[in-house]
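I have placed the structure first, in the form of structure tokens, so that the comments after it can refer back to it.
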Amino acid sequence: MTRCAITEADTYDDNTVLEAMRLIAENTAFPDVKGKTVLVKPNILSDSYPEKAITTHPAVVRAIITILNEKGAGRVLVGDSPGMQAGRFHPVSSGIVQVADDTGAQIVDFRESTRVHVVNGMKIPMATAIDAADIVISAAKFKTHQLMSATGAVKNMFGLVPGLQKSPLHLRARSPESFARLILGIFREAHVDYAVIDGIEGMEGAGPTNGQPRHVGLLMGSESAFALDKAEAIIMGYDTVPIVSEAEKAMPGCTDADYPLLNPRDIIIRDYRRIPTGRKTVFRTLFIPNILSRIGIAADGRAYPAFIHGKCKHCLKCVNVCPAKALSERNGRIHICRRKCIRCYCCHEMCPFDAIDIK
């Protein structure tokens, strides 16, 4: 059976993280990488400083690459593509570039070379780095996610779709469930062999960008990204999350795992600030959809974005990323057309000033 190893790691001290990562590798089916090209795909949603808990911490990336080098990997590639990538992506602030320089890994820009994949009937460009790699490792971050409840090792591979080419996909998959199925399709194309979640410092609340860092003190790894994501959801206190539930429907048993170290059900964080999963059905049935819309709630219970104009710096990232073209600027304020809004929350995810609220 799949093994999912979860161990304590209280700090990002390089030696602490490396020893924790070695323990995880020893207790799971870590791939044979000798002489092979390995792609390590961290979560670099934006090139943010590590203490913001937005990105996979460089110490975790360093530990993974160190183990790959120890096991004789022929070449190690490291890459990601944020949703608002402009020009060549060189993640300096996140510390990933320094790690690559120190370990001999190569930073790859996912926008430089792409190949069209057919996923769930859709033509989707994805970085050819996965074609160059014999082994793919998803190195994710322990975070909440406004649309998907949590973002983990499976959702992390959405970053293979370059830059703003991610945004229109939300129009093709508007509900959390349909978007989860799209992510699963992209994940299958990525042929991921191993997954790690950096949960030493996680994010709770309004993730994946504007939540608050939360010390979790865990590092997690498995040959199954599905089992790893289920363990993350359990620890956060969710009954389930869309990616896990859709994966279990499509592939019964895919999240089953043995836990040789810590069992996620023994370390649930009861007060973790999770994403609300929608209004109660009885509430929805008492009001017709247009009345709900007037107070900022859609008929399915998911809220519309609300703009905090005092925080807005008019960078227009929200306007530019919106796949439904539901946002516009008038008289120095961002306005939302609820009739067009599909509640993908791309605007919330891309806002660098925490000026968008979802309630």
(message) For Tyr194 together with Phe30, are the ring centres under 6.0 Å from each other?
(response) yes
Within this structure, what is the [atom1]-[atom2] distance for the pair [X] and [Y], rounded to the nearest 0.5 Å?
{"X": "His170", "Y": "Leu147", "atom1": "NE2", "atom2": "CG", "answer": "6.5 Å"}
{"X": "Cys347", "Y": "Glu349", "atom1": "SG", "atom2": "CD", "answer": "9.5 Å"}
{"X": "Ile275", "Y": "Ser149", "atom1": "CD1", "atom2": "OG", "answer": "7.0 Å"}
{"X": "Met203", "Y": "Thr55", "atom1": "CE", "atom2": "OG1", "answer": "9.0 Å"}
{"X": "Leu160", "Y": "Gln165", "atom1": "CG", "atom2": "CD", "answer": "12.5 Å"}
{"X": "Cys341", "Y": "Arg174", "atom1": "SG", "atom2": "CZ", "answer": "10.0 Å"}

Assess whether atom [atom1] of [X] is packed by more than 12 heavy atoms of other residues, nucleotides or ligands within 6.0 Å.
{"X": "Glu19", "atom1": "CD", "value": "yes"}
{"X": "Lys36", "atom1": "NZ", "value": "yes"}
{"X": "Phe353", "atom1": "CZ", "value": "yes"}
{"X": "Arg22", "atom1": "CZ", "value": "yes"}

Joint hydrophobic cluster, [X] plus [Y], side-chain heavy atoms closer than 4.5 Å:
{"X": "Val40", "Y": "Ile107", "answer": "yes"}
{"X": "Val241", "Y": "Tyr272", "answer": "yes"}
{"X": "Leu23", "Y": "Ile197", "answer": "no"}
{"X": "Ile269", "Y": "Ile267", "answer": "yes"}
{"X": "Tyr304", "Y": "Leu171", "answer": "no"}

Would you say the side-chain atoms of [X] pair up with the backbone N or O of [Y], donor to acceptor, closer than 3.5 Å?
{"X": "Asp109", "Y": "Phe89", "value": "yes"}
{"X": "His191", "Y": "Ile130", "value": "yes"}
{"X": "Arg172", "Y": "Met122", "value": "no"}
{"X": "Ser222", "Y": "Ala225", "value": "no"}
{"X": "Lys166", "Y": "Ser81", "value": "yes"}
{"X": "Asn69", "Y": "Lys71", "value": "no"}
{"X": "Asn210", "Y": "Pro352", "value": "no"}
{"X": "Lys41", "Y": "Asn156", "value": "yes"}
{"X": "Thr255", "Y": "Ala227", "value": "no"}
{"X": "Asp229", "Y": "Val244", "value": "no"}

Verify whether one side chain among [X] and [Y] offers a donor that lies under 3.5 Å from an acceptor in the other.
{"X": "Ser48", "Y": "Ser46", "answer": "yes"}
{"X": "Arg333", "Y": "His335", "answer": "no"}
{"X": "Thr28", "Y": "Glu223", "answer": "no"}
{"X": "Thr128", "Y": "Ser113", "answer": "yes"}
{"X": "Asp198", "Y": "Thr56", "answer": "no"}

(request) For Asp258 and Arg3, run salt bridge (charged side-chain N to carboxylate O under 4.0 Å, His left out): C-alpha distance rounded to whole Å, both residues' side-chain angles, the deciding distance at 0.1 Å, then the answer. (result) CA-CA 5 Å; Asp258 285 333; Arg3 286 177 290 166; over 6 Å; no
Taking the side chain as every heavy atom from C-beta outward, state whether [X] and [Y] have any pair of such atoms under 4.5 Å apart.
{"X": "Thr209", "Y": "Met350", "result": "no"}
{"X": "Ile137", "Y": "Asp193", "result": "no"}
{"X": "Leu182", "Y": "Leu169", "result": "yes"}
{"X": "Leu316", "Y": "Glu329", "result": "yes"}
{"X": "Ile235", "Y": "Leu218", "result": "yes"}
{"X": "Cys322", "Y": "Ser167", "result": "no"}
{"X": "Ile24", "Y": "Met220", "result": "no"}
{"X": "Arg214", "Y": "Asp271", "result": "yes"}

Looking at every non-hydrogen atom in both residues, tell me the closest pair between [X] and [Y] and how far apart they are.
{"X": "Gly79", "Y": "Leu39", "result": "N-CD1, 4.3 Å"}
{"X": "Ile342", "Y": "Ala324", "result": "CG2-CB, 4.3 Å"}
{"X": "Cys318", "Y": "Phe307", "result": "SG-CE2, 4.0 Å"}
{"X": "Gly199", "Y": "Val216", "result": "O-CB, 2.9 Å"}
{"X": "Val17", "Y": "Leu219", "result": "O-CD2, 4.1 Å"}
{"X": "Thr2", "Y": "Asp256", "result": "CB-O, 3.6 Å"}

(message) Applying side chain to side chain contact (heavy atoms under 4.5 Å, CB included) to Ile200 and His57, what does each step give before you reach the verdict?
(response) CA-CA 9 Å; Ile200 299 174; His57 197 280; over 6 Å; no
(request) Run the salt-bridge test on Glu201 and Lys141 with the 4.0 Å N-O cut-off and return the result as yes or no. (result) no
(request) Using a strict 4.0 Å threshold on nitrogen-to-oxygen distance, state whether Lys143 and Glu204 make a salt bridge. (result) no
(message) side chain to side chain contact (heavy atoms under 4.5 Å, CB included) for Arg273 and Thr144? Distances and angles first, verdict last.
(response) CA-CA 8 Å; Arg273 292 183 57 207; Thr144 48; over 6 Å; no
(message) The test is side chain to side chain contact (heavy atoms under 4.5 Å, CB included); show your working for His215 and Asp10 and say whether it passes.
(response) CA-CA 8 Å; His215 182 70; Asp10 285 334; 3.9 Å; yes
(message) Would you call the rings of Phe179 and Phe158 parallel, tilted or perpendicular, taking 30° and 60° as the class edges?
(response) perpendicular
(request) Sort out for me which residue in Ile186, Thr114, Val116 forms a side chain to side chain contact (heavy atoms under 4.5 Å, CB included) with Met126. (result) Ile186
(request) Show the numbers, then the answer: is there a side chain to side chain contact (heavy atoms under 4.5 Å, CB included) between Arg62 and Tyr12? (result) CA-CA 11 Å; Arg62 182 186 298 275; Tyr12 284 114; over 6 Å; no
